[in-house]
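Structure, as structure tokens:
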There are 2 protein chains.
Amino acid sequence: MKVMVGGTFDPLHDGHKRLLSRSFEIAGPSGHVVIGLTTDTFASHKTHPIRPFAERRADLEQYIEDRNYTTPWAVEALNDRFGSALDADFDAIIVSEETLPVAVEINKLRREKGMRKVDIHQIVCVLAEDGRWISSTRIYRGEIDIHGKMMK
Amino acid sequence: MKVMVGGTFDPLHDGHKRLLSRSFEIAGPSGHVVIGLTTDTFASHKTHPIRPFAERRADLEQYIEDRNYTTPWAVEALNDRFGSALDADFDAIIVSEETLPVAVEINKLRREKGMRKVDIHQIVCVLAEDGRWISSTRIYRGEIDIHGKMMK
């Protein structure tokens, strides 16, 4: 099926990697994956510095290319929480426990526009060694590495 | 991946069919699908009469066999809302918009038992001609047929 997923992906940690691998698994070889990548302007509301779009995009694309998925895919710029998800013809949005509310809002807005709703697949967040979620903020703070290993 | 799905499946309508086809699609050829089928005792709280378990099971199994899915699958009896989903090792539970709260509760109970949570895939309910959900209750009342066509 056709799926959409989004994020800032900086740095690309094990939570992002699960989000991506699940997206490709759910899409299947005859499906399609669109990965929305937040623009620098949109990502600037984060509490920690973010690398430039071009660098994040290069890392993300390299990671996906290395996996040799047979499913076609594309990265698109996300200027807001929704990107093309309000208008596109697709089947399912893949979110983490953290971003589930965005998917619920996308379906509400699609319905208001007279468009059909999409499936919502909520993946389980990957846990760090301490049992809490791996997140870019925690990695930036130096609490954990990208695999969730404790650094302090 | 390994997925679980559940229902009473009486009669097997287009909403159930989407639930099943999505389950097999998400599981993929190397995955596994467990379909929980409510027992007569558990299903007896419904507001309308339900056909016996053996008959419902035969129809369900015939429908799946006719699809020639390559993914292995099994039907198991559901004596309550959870069945084996509180203890089994699996990856995702597939629910409709109507049954989403059960999946959320399953994850809460798994967590309390120290087990890992599972992904939740919420499919969009299939709409009848009048734009409302197809449901067994509406079919039983004679409002719609199993494809959501208006009968009155």
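Note on naming: letters A, B, ... go to the chains in the order of the sequence lines (proteins, then strands), and numbering restarts at 1 for each one. What you see is a predicted model, and the numbers here were worked out from it, not measured in a lab.
Within the 4.5 angstrom heavy-atom criterion, no atom of B:Ala103 approaches chain A. With a 4.5 angstrom heavy-atom cutoff, B:Leu127 touches chain A only via side-chain atoms. Neither the backbone nor the side chain of B:Arg18 comes within contact range of chain A, judged by heavy atoms closer than 4.5 Å.
Placement of A:Leu37 and A:Tyr69 within a single hydrophobic cluster is found when ILVMFWY residues are connected by side-chain heavy-atom separations under 4.5 Å, directly or transitively. A:Leu86 and A:Leu100 fall within a single hydrophobic cluster, where Ile, Leu, Val, Met, Phe, Trp and Tyr are joined by side-chain heavy atoms under 4.5 Å apart, directly or via other members. Both A:Phe53 and A:Leu20 sit in one connected hydrophobic cluster of ILVMFWY residues. Membership requires side-chain heavy atoms under 4.5 Å apart, directly or through other members. Clustering ILVMFWY residues whenever any of their side-chain heavy atoms sit less than 4.5 angstrom apart, transitively, puts B:Ile146 in a cluster other than the one holding B:Met151. Hydrophobic clustering keeps A:Val5 apart from A:Leu78 (ILVMFWY residues linked when any side-chain heavy atoms are closer than 4.5 Å, directly or through intermediates).
Residue B:Glu97 holds its CD atom at 9.0 Å from CG of A:Asp119, rounded to the nearest 0.5 Å.
Listed options A:Val118, A:Ile94, A:Ile123 were ranked by heavy-atom pairs under 4.5 angstrom with chain B; first place goes to A:Ile123.
Put simply, the side chain of B:Gln122 never gets that close to the backbone of A:His121: no donor and acceptor are under 3.5 Å apart. Distance alone, capped at 3.5 Å, places no donor-acceptor pair between the A:Glu25 side chain and the B:Ile26 backbone.
In A:Tyr140, the OH atom is not crowded: 12 or fewer heavy atoms of neighbouring residues, nucleotides or ligands sit closer than 6.0 Å.
The closest side-chain heavy-atom distance from B:Val124 to A:Arg116 is not below 4.5 Å.
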